[in-house]
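Ligands are counted one by one from 1 in listed order, and the atoms in each one are counted from 1 as well. What you see below is based on every heavy atom in this structure, not just the backbone, and it leaves out hydrogens, waters and symmetry mates.
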Amino acid sequence: MIEQLRESTAILHQDLERTLIPVIKQANSPEAYIRLLQLFYGFYYPLEQYIAAHIDTSFPGGFENRRKATQLLQDINVINGAPLDPPPTCTHIPEINDNAQALGVMYVLEGSTLGGQVICQIIQRNLPLPEITQALSFFNGYGEETRTQWDSFVHYLEGYHGTDDQKKRLVEAAADTFRQFKVWAQANA
Ligand SMILES: C=CC1=C(C)/C(=C/C2=NC(=C\c3[nH]c(/C=C4\NC(=O)C(C)=C4C=C)c(C)c3CCC(=O)O)/C(CCC(=O)O)=C2C)NC1=O
């Protein structure tokens, strides 16, 4: 399953990374960093709502501790110095109507934690505020546990025994997530 996901999304993944890296590098003011966090929030929040509603209850460890939208709001509030209203959310999102699609979307959101260390370094370099370390909880991912969390997710995917149709839906949901995040980023960065 993981190999199929990697192969099917490699180009889309590259494409999204190319879109987002400049936005990350340009987050060199509090306003720009808040906009970056809002961009992620607007996409992650609605996806997480649908994942929570459709992921199997047997998912190891549950989905709750893999949610990331709350960290985004916290980081926004730290930089802003006061609570900000939740940012607008994306409506053109991948279809998540079952466990297979929820897992496909999760592949993208969980994988994004792997770039976190690099992103934290870039932001700290470009935005040397005293409060910045408190405002990197989203990009910090699972901290020291990031690799472990990723490995356990991949392990679960490896043990996923869906039908061919379910596997197709899983891969297509991952591909759509990369595509639609790029569309959202291009419209909102
Ligand atoms: C935002 C910038 C951004 C950057 C610059 C970034 C960098 C990296 N992403 C990596 C891996 C993955 N990234 C994704 C999903 C997204 N990658 C993206 O660029 C965006 C935006 C994604 C999803 C939102 C996934 C599914 C995988 C697993 C691929 C697999 O193994 O199957 C690794 C590799 C780490 C290692 O293997 O040691 C790095 C360095 N991640 C970011 O979010």
Taking side-chain hydrogen bond (donor to acceptor under 3.5 Å, both in side chains) as the test, write out the residues that go with E17, two or more places apart. H13

For ligand 1, protein residues within the heavy-atom limit of under 4.0 Å are R6, H13, L16, E17, L20, I21, I24, F40, Y44, Y107, V108, G111, S112, L114, G115, I119, R147, W150, F178, F181

Atom pairs and distances, side-chain donor-acceptor, residues 73-94, under 3.5 Å, sequence neighbours left out:
residue, atom, partner, partner atom, Å
D75, OD1, S137, N, 3.2
D75, OD1, S137, OG, 2.7
D75, OD2, S137, N, 3.0
D75, OD2, S137, OG, 3.3
D75, OD2, F138, N, 2.8
N77, OD1, L84, N, 3.0
N77, ND2, L73, O, 3.4
N80, ND2, A82, O, 2.8

For the residue pair Y45 and Y41, does the interplanar ring angle fall in the parallel (under 30°), tilted (30 to 60°) or perpendicular (over 60°) class? parallel

How are the rings of F59 and F153 set relative to one another: parallel (under 30°), tilted (30 to 60°) or perpendicular (over 60°)? tilted

Throw together a table of side-chain donor-acceptor distances under 3.5 angstrom for residues 31-38, partners on residues two or more places apart or in other chains.
residue, atom, partner, partner atom, Å
Y33, OH, A135, O, 2.6

Quick one: do K168 and D165 make a salt bridge, cutoff under 4.0 Å? no

